[in-house]
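These notes are about the structure you will find just below.
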Amino acid sequence: MTKTIEFPRNFLWGCATSAYQIEGSPLADGAGPSIWQRFMHTPGLVPSGDTGDVACDHYRRYVSDVALMRELGMQAYRFSVSWSRILPNGKGAVNQAGLDFYDRLVDELLKSGIEPLVTLFHWDLPAALDDLGGWLNPDIASWFADYGDTLFRRLDDRVKKWVTLNEPWVVSDGGYLHGALAPGHKNLFEAPIASRNLMRAHGAAVQAYRATGKHQMGLVVNLEPKYPASDSAADQAATARADAYMNRQYLDPAMLGTCPDEELTEVFGEAWQPWSAEALKLTRQPLDFLGINYYTRSVTRFDERSWPQRAAPVRQKQATYTETSWEVFAQGLLDTLVWVKKRYGDIPLYITENGAAFFDPPVAEGGRVRDPLRVDYLRKHLTAVHTAIQQGIDVRGYMVWSLLDNLEWSLGFSKRFGIVHVDFESQKRTPKDSARFYSRVIATHGAAVSEPPDER
Ligand code: PNW
């Protein structure tokens, strides 16, 4: 007999997206360009040639997208605001039409009984600020706080949960170290500076929020547990470096006011400068919750050629891998939640992203998309969340990534993370089996997680 799964009645069930990945119309109504607009339009950078010019056309279809969420039973929707819609130059003059869009979206959600969870920054930095150095310019902390303040004044009467940054590690690693993401820099010296300024900006925005906001503010990080491939000293040390680089580099400054200098010096060498006491004071601001994005784990070994960490993941022979080459490993989510509680203490946690890209079959006659691998992925990870709650970890909600198939950044539209299929020609939305499954999970307070799969 399988045990029955039951989540707390007040557990918050929802889904997540981000602005550049779904909105389209990036320059509409007075918006300024973002670095993603610029990056995707630079010839040669994105192999598929895909752009966010239309994406899911959500900017124009948000009313029907909210209706779809309501039909699926969503209780919460995590979305991000495009900074350059609000401030076309990143600072200075406010574009009212940009604010109006998010104002209407929030009202539409509330009218449908869906709680908005708003992320200030999900990677689409105003291009005008990149021209001033972007995340390398220390002044960005105050630019970001001012941008936040503009949003808080307009929306805090209706938005009760806010997030400063989405995944600072990905911004620094992808945008400044390896260059696969905007702004596309490959520079060992820049990455640590970008990380520090991201976290300083986080702190400054939380301070601004405490001055004007009345509700809850959090930070979203992607966490990937690192397990040593062997008990050799070299593999153990490589694992510690990888963990410090990806996980502790951001949560330690936010939660403890410290930085794992020893390991990060091993990673970056002379490019690593310890953060000043002043910076660490700014980064450590009391938070109302932490958002955790979890996708996979890494079994880590020493690898001399893997720059700059000298640590590399080991492929697992028996495992299932997703279309983004991520191992399906739900135990890692439980391990991550246990680790967060142990290292950082009790703080309300939300899973702010979890999901998988798999090849889906075409939409069948009658409008069905069978995606058993995604259903299986969700089932396993929801079971892990449930186990964590039973172990006394304060997980308050879960947001699946993603509501819609969307623009997977430099990988374009080919990697489909949606529980709802999107036909990018017609913009037709078709809920996949995973969306049906997730709806039943929500409606049954989790019981459907342990129900047998729908074999029809
Ligand atoms: C997240 N990693 O990105 C982002 O928040 C989403 O915008 C994105 O679509 C989603 O995950 C799926 O990729 C990540 O390498 C990118 O560990 C890379 C990593 C983690 C998260």
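Computed from a predicted model, the values in this text were never measured in an experiment. One is the number of the first residue; the rest follow in order along the sequence. What you see below is based on every heavy atom in this structure, not just the backbone, and it leaves out hydrogens, waters and symmetry mates.
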Considering all heavy atoms, the nearest Gln285-Gly203 contact: CG-O, 3.6 Å
Under 3.5 Å: donor-acceptor pair, side chain of His178, backbone of Gly174: no
Taking the side chain as every heavy atom from C-beta outward, state whether Leu198 and Val171 have any atom pair closer than 4.5 Å. yes
If only atom types and distance count, is the side chain of Glu167 paired as donor or acceptor with the main-chain N or O of Asn222 below 3.5 Å? no
Please confirm whether the ring centroid of Phe417 lies under 6.0 Å from the ring centroid of Phe358. no
Decide side-chain contact (heavy atoms from CB on, under 4.5 Å) for Val338 and Ile393; before the verdict, give the C-alpha distance in whole Å, the side-chain angles of both, and the deciding distance to 0.1 Å. CA-CA 7 Å; Val338 168; Ile393 300 171; 3.7 Å; yes
So Phe101 and Tyr59, would you call those rings parallel, tilted or perpendicular, with 30° and 60° as cut-offs? tilted
Closest contact, heavy atoms only, Pro116 versus Leu110: CD-CD2, 3.7 Å
Distance-only side-chain donor-acceptor flag, Tyr77 / Thr17, under 3.5 Å: yes
Tell me whether Lys160 is salt-bridged to Glu115, with the criterion being a basic N under 4.0 Å from an acidic carboxylate O. no
When the ring centroid of Trp13 is compared with that of Phe11, is the distance short of 6.0 Å? yes
Is the backbone N or O of Pro88 less than 3.5 Å from a side-chain atom of Ser84, with the two atoms forming a donor-acceptor pair by type? no
Side chains of Ser414 and Glu408: any donor to acceptor distance under 3.5 Å? no
Between the side chains of Lys281 and Glu278, is the shortest nitrogen-to-carboxylate-oxygen separation below 4.0 Å, so that they form an ion pair? no
Whether over 12 other heavy atoms sit under 6.0 Å from Gln316 CD: yes
Can you tell if the side chain of Tyr245 reaches within under 4.5 Å of the side chain of Leu177, non-hydrogen atoms only? yes
Taking it one step at a time, do Tyr20 and Ser82 satisfy side-chain hydrogen bond (donor to acceptor under 3.5 Å, both in side chains)? CA-CA 7 Å; Tyr20 191 72; Ser82 161; over 6 Å; no
Salt-bridge contact Lys341-Asp346 (side-chain N to carboxylate O under 4.0 Å): yes
Using a strict cut-off of less than 4.0 Å between a Lys/Arg side-chain nitrogen and an Asp/Glu carboxylate oxygen, indicate whether Arg104 and Asp107 qualify as a salt bridge. no
Stepwise salt bridge (Lys or Arg N to Asp or Glu O under 4.0 Å) test for Arg210 and Asp288: CA-CA 11 Å; Arg210 298 307 175 204; Asp288 302 302; 2.9 Å; yes
Is the shortest side-chain N to carboxylate O distance from Asp157 to Lys214 below 4.0 Å? no
Can Ser402 and Asn406 be counted as having a side-chain donor-acceptor contact under 3.5 angstrom? yes
Using atom types as modelled and distance alone, determine if a side-chain donor or acceptor of Lys432 lies under 3.5 Å from a backbone N or O of Gly418. yes
Basic-acidic side-chain contact under 4.0 Å: Arg154, Asp100: yes
Within 45 degrees of the ring normal and closer than 6.0 Å to the centroid, is that where the cationic atom of Arg200 sits relative to Phe144? no
For the pair Asp371 and Arg416, evaluate salt bridge (Lys or Arg N to Asp or Glu O under 4.0 Å) and give the outcome as yes or no after the intermediate values. CA-CA 11 Å; Asp371 60 340; Arg416 293 177 176 266; over 6 Å; no
Checking the side chain of Asn95 only, and the main-chain atoms of Leu87 only, is there a donor and an acceptor separated by less than 3.5 Å? no
Verify the distance criterion only: is there a donor paired with an acceptor across the side chains of Asn293 and Glu353 at less than 3.5 Å? yes
Derivation and outcome, ring pair (Phe, Tyr, Trp, His ring centres under 6.0 Å), residues Trp401 and Tyr295: CA-CA 10 Å; Trp401 184 272; Tyr295 288 95; 7.5 Å; no
Can you tell whether the side chains of Asp405 and Lys415 come within less than 4.0 Å, N to carboxylate O? no
Test item: side-chain donor near acceptor, Asn166 and Arg78, under 3.5 Å: yes
Taking atom CZ of Arg158 as the centre, does the number of heavy atoms from other residues, nucleotides or ligands within less than 6.0 Å exceed 12? yes
For residues Asp360 and His421, is any side-chain donor paired with an opposing acceptor at under 3.5 Å? no
Could you tell me whether a side-chain N or O of Ser34 sits under 3.5 Å from a main-chain N or O of Trp36, the two making a donor and an acceptor? yes
Parallel, tilted or perpendicular, as decided by the 30° and 60° cut-offs, for the rings of Tyr209 and Trp162: tilted
Applying the side chain to side chain contact (heavy atoms under 4.5 Å, CB included) test to Leu349, which of Ile389, Ile292, Val385 qualifies? Ile292
Hydrogens and angles aside, do Thr119 and Ser80 bring a side-chain donor and acceptor to less than 3.5 Å of each other? no
Would you call Glu263 and Arg248 a salt bridge, taking side-chain N to carboxylate O under 4.0 Å as the test? yes
Basic-acidic side-chain contact under 4.0 Å: Arg61, Asp65: no
Cation-pi check, Arg297 to Tyr227: give yes when NZ or CZ is under 6.0 Å from the six-membered ring centre and within 45° of the ring axis, no otherwise. yes
Please test His185 against Glu190 for side-chain hydrogen bond (donor to acceptor under 3.5 Å, both in side chains), starting from the C-alpha separation and ending with a verdict. CA-CA 8 Å; His185 299 194; Glu190 288 183 2; 2.7 Å; yes
Just checking Trp135 against Phe121, ring centres under 6.0 Å apart? yes
Please check this pair: side chain of Arg374 against backbone of Ala356, looking for a donor-acceptor N/O pair closer than 3.5 Å. yes
Pair Tyr398 and Phe7, ring centroids less than 6.0 Å apart: no
Would you say the ring centroid of His381 lies under 6.0 angstrom from that of Tyr294? yes
Assess the side chains of Glu23 and His58: does a donor N or O sit below 3.5 Å from an acceptor N or O? no
When you measure from the side chain of Tyr377 to the backbone of Ala357, do you find a donor-acceptor pair of N or O atoms at a distance under 3.5 Å? no
Check the side chains of Trp272 and Asp261 for a donor-acceptor pair under 3.5 angstrom, ignoring hydrogens and angles. yes
Tell me if a side-chain donor or acceptor on Gln309 pairs with a main-chain N or O of Ser306 at a distance below 3.5 Å. no
Does Tyr321 OH have over 12 foreign heavy atoms under 6.0 Å away? yes
Go through the steps to decide whether Asp394 and Arg396 satisfy the test salt bridge (Lys or Arg N to Asp or Glu O under 4.0 Å), and finish with yes or no. CA-CA 6 Å; Asp394 191 6; Arg396 306 262 178 113; 2.7 Å; yes
Do Gln390 and Thr387 have a side chain donor and acceptor closer than 3.5 Å? no
